[in-house]
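Below is one structure; the comments refer to it alone.
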Amino acid sequence: MLQIACPYCGVRDEPEFTFGGPAQVTRPAFEVADAEWASYLFGRDNPRGVSFERWCHSFGCNRWFNVARDTRTHEIRAICAMGTPRPELPPGEGP
Amino acid sequence: MSSGPFRLPRGGLIDRTRSVSFRFDGRTYGGFAGDTLASALLANGVRVVGRSFKFHRPRGVYSAGLEEPHALVQVGSGVRVVPSERAPLIALYEGLEARSQSGWPSVSFDVLRILDVLAPVFAAGFYNKTFIWPGWHWYEGTIRRLAGLGRSPVEADPDRYEVRNAHCDVLIVGAGVAGLTAALDAARAGRRVLLVEQDGQLGGRAAWRGAAVGAEPADRWIVRTLAELEGLADVTVLRSTRAVGSYDHGVVTLVESARSGGAVRERYWIVRTAHIVLATGAIEQPLVFCNNDRPGILLAGAAQRYLACHAVVPGRRIVIATNNDSVYTLARELHGAGVPPVAIIDSRIDVPPEQLARMQALSIPVHAGCQPVDTSGFSALRSVCFARCASSGAVGDVQRVACDALLVSGGWNPALHLLAQAGGRLRYSEQSGSLEPADPVPGFEIAGSAASGASVAPIGPRLSPGKSSRQWVDLLHDVTVSDLELALRENFTSMEHVKRFTTVGMAADQGKTSSPVSLEIMARLRGIKASGFAPTTLRPPFAPVTLGAIAGRSVGQRFAPHRRSPLHGWHAANGALLEDYGEWKRPAAYPRAGETRHGAILREARAVRGGVGLLDSSTFGKIEVRGPDALTFLDRFYINNLATLKAGRARYGLMLRETGIVFDDGTVVMLAPDHLLITTTSGNAARVQAWLEEWHQCEWPQLQVAIVPVTDQWATLSLSGARAREILTAVGTDVELANAAFPHLGMRVGTVIGHPARIYRVSFTGELTFEVNVPAGAAQAVWDALLQAGRPYGLQPFGIEALLLMRLEKGFLHVGSETDGTTVPDDLGWGKVAAGKGADFIGKRSLRLPEHLRADRRQLVGLVSDTPIIVGSHLRLPGSTEPSDGWVTSAGSTVLTGEPIALALLRGGRGQMGAAVSVHDAAAITRAKVVAPIFFDVPGDRMNG
């Protein structure tokens, strides 16, 4: 059970949060080719190391924010509000 | 009553003034307070306590702890029967009733011992390779009965359980000398300390071994340390509590067993700690030789405990076999108790001289460099054969020694399960023959014998030469060395794969006595060093946990909250059949005296079709979206064009996921240009709200909107039927209800009997409908007033089932029935609407993916038939070669004429109008005709009227 520091409420236990998949995924324009759209829908990195992902404090303030989590240790390396730039961290290795 | 022939006249920590009688397999025995079931059985000379899992070999008590692989028994009776309890952990009490779990007709005479003779047939993988035709299910029942792992009680558990959360700075697992010392250090430093001990008493082995701690006798040291600990602030000591799981970010779960007579049977603790001290001790490992599983063979450390605590010896002619130093103290203690071992077999050539000298002084022969190679006896051990074994595999002259007990020690493996569960890697140590931490794990500290593996003297060989099919590695799951050999022949080389193929380490004891030795044997078979060979992953729980403990109080009524409409009390008091619809309790129907459920549904639906009815639809999700960008925002969620929506109007809409799959449906109502309200299906309200929030916060934060769920604030009373307008007029409203002033899909704000009301003209029945929304607090008053005013018109309440029947007749979509995880709008006949919307919306791009444009997709159609149609039936088109061309999604009969109708998703269905399809349910094959998915009032005059 992770402990996550909500940027608005402080440190809370994982059951208060909802995982929302990778952070900073750009929604492609309507005109893109099928393959690129399918990649946006279903293609996901599975890094060994730092994973940038979205979480929502669903049973608290209901706000979304970004988390940098190390998938090897579950260590949380950084937490930042939506819309702020990705922190400087070494990205994880590919699968 | 005698406390048994194997009880010594003196010694032990038992209370000889308090006799206890208990029953095992129907026979009555005697013991003392302070006994465990295992010690009392040993004292009484009960050799066979169980039958092995696969070969049904007789087995006896093997250990004195949780690692017990043989003495798994069924304890108690009736609702409090517990299967697979470890006999060494069961404190004896008056009237204890225990049964062995396998063997038929009994453990001492088991006809299934034939399986042992057939053992060569039952090698690893036998089940997977043999029982494949015609299918595993054919054999499963019989095999499960043969395997026998105890019986669960069938009645509901009458006991109470609790779940507790706790926080501490330091969690110390194990209250032996090392754990107590660590706790005292931390507590003196002012830290919040939680000390947990699986036994009922503290002190660990020191409490019964009579050793000294420093210069002080152990028992005095324990009492003094505990007194100081309990005097310090922020120290909690939990006895009879086992740490079972270790998770991310310092979470450890504990199971606390109640003291007898407590109100709570078990308490499940979820502890968050900054620092964990593992003072968990070590588990003694077995030796592997032919027929090393016979009753009378047990771990030496266990025998030491039974002698010291219970004054019980496992036999009168005892042989000890070892590969390390730990048994020599036991030999001396046995000598002191008047039962000196008849031989010690030590696999080391260079047994330390001081041990040899001590044994020589006691006239106990030590056979250095020798290993046991076989045993005899069936339901009781009769003799052990041993020989000098060279590392080359050469075996010297075999000597046989008669004995009735063989105590074995293959070294000690530290109990590092919690460390490994939290992600710590373990590595085999050639020196100690045990699994030790490969690298330090942040937040973990290891103390006492859990940490001392590397510091012990090198162990000798623990695997003897001999017939590998008779050498047991995993005693509980009957895995032998030959199974490991077969695994290698089948090319399984990773220990994880070997485990799954042979089931070594997969039994209820999770390999507590088999992990290191199976790794060692596999490494030897592969010709590699065991230290370079990764052991299997250890996962929670460390010991079995009851479901009751995990569930705590979240059972029955408290399992999940029920949501109730503000009119729930009225429904309950007026004969409603309240059923579960998702999280809601809703009236399915209001059966009258002597009326069936189906009869009530039909009567209610006919009342609406014939005149009028009143439905409580307060459960529909209601979400307000406010702000200058509210319409722009919502337009991005629906396949329908909302840009043209005007204040005072409502529009039906379908909402998709980004994949193009239908997510929800409902109406969008414009109260004012910057104030919209959407309705959702009852079950999806929270998901839709979260969906809107996610897109607003993550994708379109620049849009100025606020999203507010108001489902519980507004009650919805749906007055439906041709007479609805007259009744609403009669009850008193300031809203002009005439069709011209308030047409279908209109919305008006006003009052109803003085209460603020939002009235929508939307219809799910196909009849003229006014959905009267009033504040939840006014719901009862308005409901009562409507029923009162409707009396002259025969107004009666109707339930959700009548509503669903009427919507089926109209072919209206029910999300979750007509849709699944593959349904796109065109499948439902909404393709043109989606295609006609110019603006982008969530899921729009996905609708152009080739998969969603295939002509042979399943499409929504209607079915009519002479015979009732059963929901879920599969359909086949004439001449089809496919196993299925679709299925029935909703079924029923027309309200007024009772003809069977259904909605279905059918391959290329819109091109099959008029076709006769076959309808396949479990019992029969019938026929139906494909028609348009609407069976009543096709022009819609009734709801528009």
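Values below: all heavy atoms of this structure, side chains included; hydrogens, waters and symmetry mates excluded. Chain letters run A, B, ... following the sequence lines, proteins first and then strands; every chain starts at 1.
- For W37(A), the part lying near chain B is the side chain, with the backbone staying farther off; criterion is any non-hydrogen pair under 4.5 Å.
- Contact annotation for D13(A): both backbone and side-chain heavy atoms come within less than 4.5 Å of a heavy atom of chain B.
- Distance check: S39(A) OG to R44(A) CZ gives 8.0 Å after rounding to the nearest 0.5 Å.
- Heavy atoms closer than 4.5 Å to chain B are found in the backbone of E75(A), but not in its side chain.
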Exercise. Between D635(B) and T632(B), is a side chain to side chain donor-acceptor pair (under 3.5 Å) present by the stated rule, with each step listed?
Worked result: CA-CA 5 Å; D635(B) 192 46; T632(B) 309; over 6 Å; no
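- Ranked by heavy-atom pairs shorter than 4.5 Å toward chain A, the options E693(B), R657(B), R272(B), E694(B) are led by R272(B).
- Neither the backbone nor the side chain of F65(A) has a heavy atom closer than 4.5 Å to any heavy atom of chain B.
- Between chain A and the options I270(B), N165(B), D840(B), the largest number of non-hydrogen pairs under 4.5 Å is found for D840(B).
- A cation-pi geometry, defined here as NZ or CZ lying under 6.0 Å from the six-membered ring centre and within 45° of its normal, holds between R636(B) and W700(B).
- Residue contact with chain B, scored on non-hydrogen atoms closer than 4.5 Å, is absent for A81(A).
- Counting heavy-atom pairs under 4.5 Å between each of H74(A), M82(A), Q3(A) and chain B puts Q3(A) at the top.
- Among E14(A), E31(A), R63(A), the residue making the largest number of heavy-atom pairs under 4.5 Å with chain B is R63(A).
- The aromatic rings of W691(B) and F663(B) sit perpendicular, their planes meeting at an angle over 60°, well past the 30° parallel limit.
- If you check the side chains of S846(B) and E658(B), you find no donor sitting under 3.5 Å from an acceptor.
- Interface residue Q689(B): only side-chain heavy atoms are found under 4.5 Å from chain A.
- Once rounded to the nearest 0.5 Å, the distance linking CZ of R27(A) with CD1 of I842(B) reads 6.0 Å.
- Both the backbone and the side chain of L2(A) come within less than 4.5 Å of a heavy atom in chain B.
- A salt bridge links R857(B) with E851(B); the closest basic N to acidic carboxylate O contact falls under 4.0 Å.
- Nearest heavy atom pair, residue A630(B) against residue V625(B), reads CB-O, 3.6 Å.
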